[in-house]
Engineer: 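What follows is a single structure, and I will ask about it in a moment.
Please read all numbers here as calculations on a predicted model, not as lab measurements. Here is how names work: the chains are called A, B, and so on, in the same order as the sequence lines, proteins then strands, and each is numbered from 1.
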Protein chains: 2
Amino acid sequence: MTAKRTPTRADGDVAGTRVEQKERTRQRLIDAALALIGGGSGFTSLSLREITRQAGLAPAAFYRHFRDLDELGLALVEMGGVTLRRLLREARRDGIPPTDMLRGSVQIYRRFVADRSEVFRFIAGERGGGSRAIRNAIRTEESHFASEMAQDFRALGTLPELSSATLQMICGLVVTTMLNAASDILDLPAGQTQQERELIENFVRQLRVIFLGAARWRES
Amino acid sequence: MTAKRTPTRADGDVAGTRVEQKERTRQRLIDAALALIGGGSGFTSLSLREITRQAGLAPAAFYRHFRDLDELGLALVEMGGVTLRRLLREARRDGIPPTDMLRGSVQIYRRFVADRSEVFRFIAGERGGGSRAIRNAIRTEESHFASEMAQDFRALGTLPELSSATLQMICGLVVTTMLNAASDILDLPAGQTQQERELIENFVRQLRVIFLGAARWRES
DNA sequence: TAGTACAGTGAACGTATGTTCACTGAAAGC
DNA sequence: GCTTTCAGTGAACATACGTTCACTGTACTA
């Protein structure tokens with residue numbers, strides 16, 4: 001019976017200031033949605049009640065944090081953006097693998113997708129379907145990601161002869177190819193190492209084609 | 001009061017044999033779903049009742065044709081496959097545009113997507129999200145499409161030095177890039193010719209990168 | 001021509017949904 | 001210390017849903 005300072009739901013939930021507590025349950029809703037998506041449900045077919053149930057809240061509590069499901073979706077998109085940024089940072093930190101840079105990056109990516117499968121499932125799923133607002137938000141996030149990737153290429157001296165616009169275009173192509181591969185990876189039946197190897201190999205080769213083309217590109 | 005041979009619903013529905021009539025209402029259900037998707041609904045968030053309502057049928061009639069919504073979805077995927085085949089046939093029929101072959105093909109594609117927007121909206125939407133069964137069916141259809149495209153390249157003598165496997169891999173990349181572009185095209189606010197031009201230009205350039213890379217590819 | 005098969009109906013069911021409302025109790029502000 | 005604020009509650013609502021069932025009337029079959 002110690003520490004009963006939390007308002008109502010205290011589950012190892014060592015409260016704090018009011019706004020902190022609010023932020024914490026907001027995060028609980030986000031996590032609940034992600035957990036359900038990880039269960040294979042697809043964000044579009046999630047219901048408000050399902051989410052609050054998973055979060056251990058009354059349905060009405062939802063409205064204290066989001067106007068509707070779309071707004072929750074936008075929060076998920078933002079979290080997806082953060083995830084992508086972290087991916088780049090991690091890749092940067094590890095530096096360029098000495099020999100096979102492309103395959104190395106793909107390995108990092110593969111692990112990353114597997115580790116945060118719910119986030120990638122959400123992005124891959126809502127990128128084409130779902131609501132217009134969410135789709136556009138994802139597009140924006142993708143484009144930011146592509147820009148950041150282009151910056152990294154500049155910093156690394158990769159493809160130095162390309163204009164910024166062209167580099168951006170190429171990174172856009174890389175990003176869509178990545179997200180497409182993510183969708184494939186996530187649908188792999190568990191434990192199918194052979195199938196996974198082929199898939200990854202295909203992915204690597206597609207990227208190789210792109211970079212070959214990029215190296216040969218001449219600004220018209 | 002002439003011609004009252006149709007069972008119940010006769011709306012310019014000049015019946016025929018029994019199986020023909022059944023096939024016709026089956027098609028009505030498919031069309032209804034497509035119409036609703038065209039209205040911006042997204043297949044995943046369609047309900048059985050919504051579809052039968054749109055088709056002018058009682059809800060229970062649905063079960064005479066499909067076990068559940070997923071089965072209807074698979075029928076839509078098949079129709080998507082037919083659409084893609086038709087696209088290739090049309091591109092073949094028009095032959096290779098004399099000068100700018102790539103931009104020409106993209107123009108054909110752009111028109112095609114606009115003309116059958118509902119089908120492409122469905123494919124682009126369910127490709128990443130939706131149910132596992134539908135996703136896999138779409139993947140199969142995509143891969144068939146890629147194979148057929150590879151065959152066409154072979155017949156045209158494009159990229160003759162590439163192995164079949166490599167050509168297939170590259171066509172796969174082209175297909176995902178196409179479908180991705182379709183999603184973008186369909187989300188364009190109507191009448192934004194400038195924005196559309198940029199989008200198409202970007203699409204053309206991405207394909208150019210791919211083909212440049214393909215031409216430079218050397219089998220390891 | 002009598003009998004069967006079966007596409008489509010309409011009513012009924014149980015269940016789940018989104019949203020509202022007055023409420024409670026603890027933290028924050030004075 | 002008294003008052004205000006507000007995150008979260010629980011009950012209630014109207015609505016929509018998927019699915020079932022016995023049924024009807026027509027096209028086929030023998």
Engineer: Can you see if the side chain of B/R67 gets near the phosphate of D/dG18 - specifically, an N or O under 4.0 Å from OP1 or OP2?
Structural biologist: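 Indeed not, no polar side-chain atom of B/R67 lies that close.
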Engineer: From the list C/dT17, C/dG18, C/dA28, which nucleotide is the closest neighbour of the side chain of A/L48?
Structural biologist: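 Selected nucleotide (nearest to the side chain): C/dG18.
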Engineer: C/dG8, D/dG8, D/dT9: which one has an atom nearest the side-chain heavy atoms of B/Q21?
Structural biologist: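 Out of C/dG8, D/dG8, D/dT9, the nucleotide with an atom closest to B/Q21's side chain is C/dG8.
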Engineer: For the atom pair CG (B/D184) and CZ (B/F203), what is the distance rounded to the nearest 0.5 Å?
Structural biologist: 9.5 Å
Engineer: A/F112 ring centre to A/R116 NZ or CZ under 6.0 Å, with the angle to the axis within 45°?
Structural biologist: yes
Engineer: Between B/R85 and B/E148, does a salt bridge (Lys or Arg N to Asp or Glu O under 4.0 Å) hold up when you go through it step by step?
Structural biologist: CA-CA 8 Å; B/R85 260 149 250 258; B/E148 222 169 305; 3.7 Å; yes
Engineer: In whole Å, what is the span from the CZ atom of A/F66 to the C1' atom of C/dT19?
Structural biologist: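 So the two atoms are 17 Å apart, to the nearest Å.
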Engineer: Measure from CG on A/L57 to P on D/dA11 and round the result to the nearest Å.
Structural biologist: 16 Å
Engineer: Taking only the side-chain heavy atoms of A/A58 (C-beta and beyond), determine which of D/dA7, D/dG10, C/dG18 contains the nearest atom.
Structural biologist: D/dG10
Engineer: Starting from C1' on D/dG18, measure out to CD on B/E50 and report it in whole angstrom.
Structural biologist: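 After rounding, the reported distance stands at 14 Å.
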Engineer: Give one of base, sugar-phosphate or nothing for A/Y63, where a contact means two heavy atoms less than 4.0 Å apart.
Structural biologist: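 A/Y63: base contact, heavy atoms under 4.0 Å.
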Engineer: For the side chain of A/A60, starting at C-beta, report the closest nucleotide among C/dT9, C/dT20, D/dA7.
Structural biologist: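 From the listed options, C/dT20 comes nearest.
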Engineer: Would you indicate which nucleotide in D/dG8, C/dA26, C/dA12 comes nearest to any side-chain atom of B/R49?
Structural biologist: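 Within the option list, the nearest is C/dA12.
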Engineer: From B/L173 CG over to A/T176 OG1, what is the distance, rounded to the nearest 0.5 angstrom?
Structural biologist: 8.0 Å
Engineer: Measure from the side chain of A/H65, starting at C-beta and using heavy atoms only, and say which of C/dG18, D/dG8, D/dG18 lies closest.
Structural biologist: D/dG8
Engineer: Looking across every strand, which nucleic acid part, if any, lies under 4.0 Å from B/R26 by heavy atom: base, sugar-phosphate, or nothing?
Structural biologist: nothing
Engineer: Check whether any side-chain nitrogen or oxygen of A/T25 sits under 4.0 Å from OP1 or OP2 of D/dA7, and answer yes or no.
Structural biologist: no
Engineer: Side chain of B/R18, base of C/dA5: donor and acceptor closer than 3.5 Å?
Structural biologist: yes
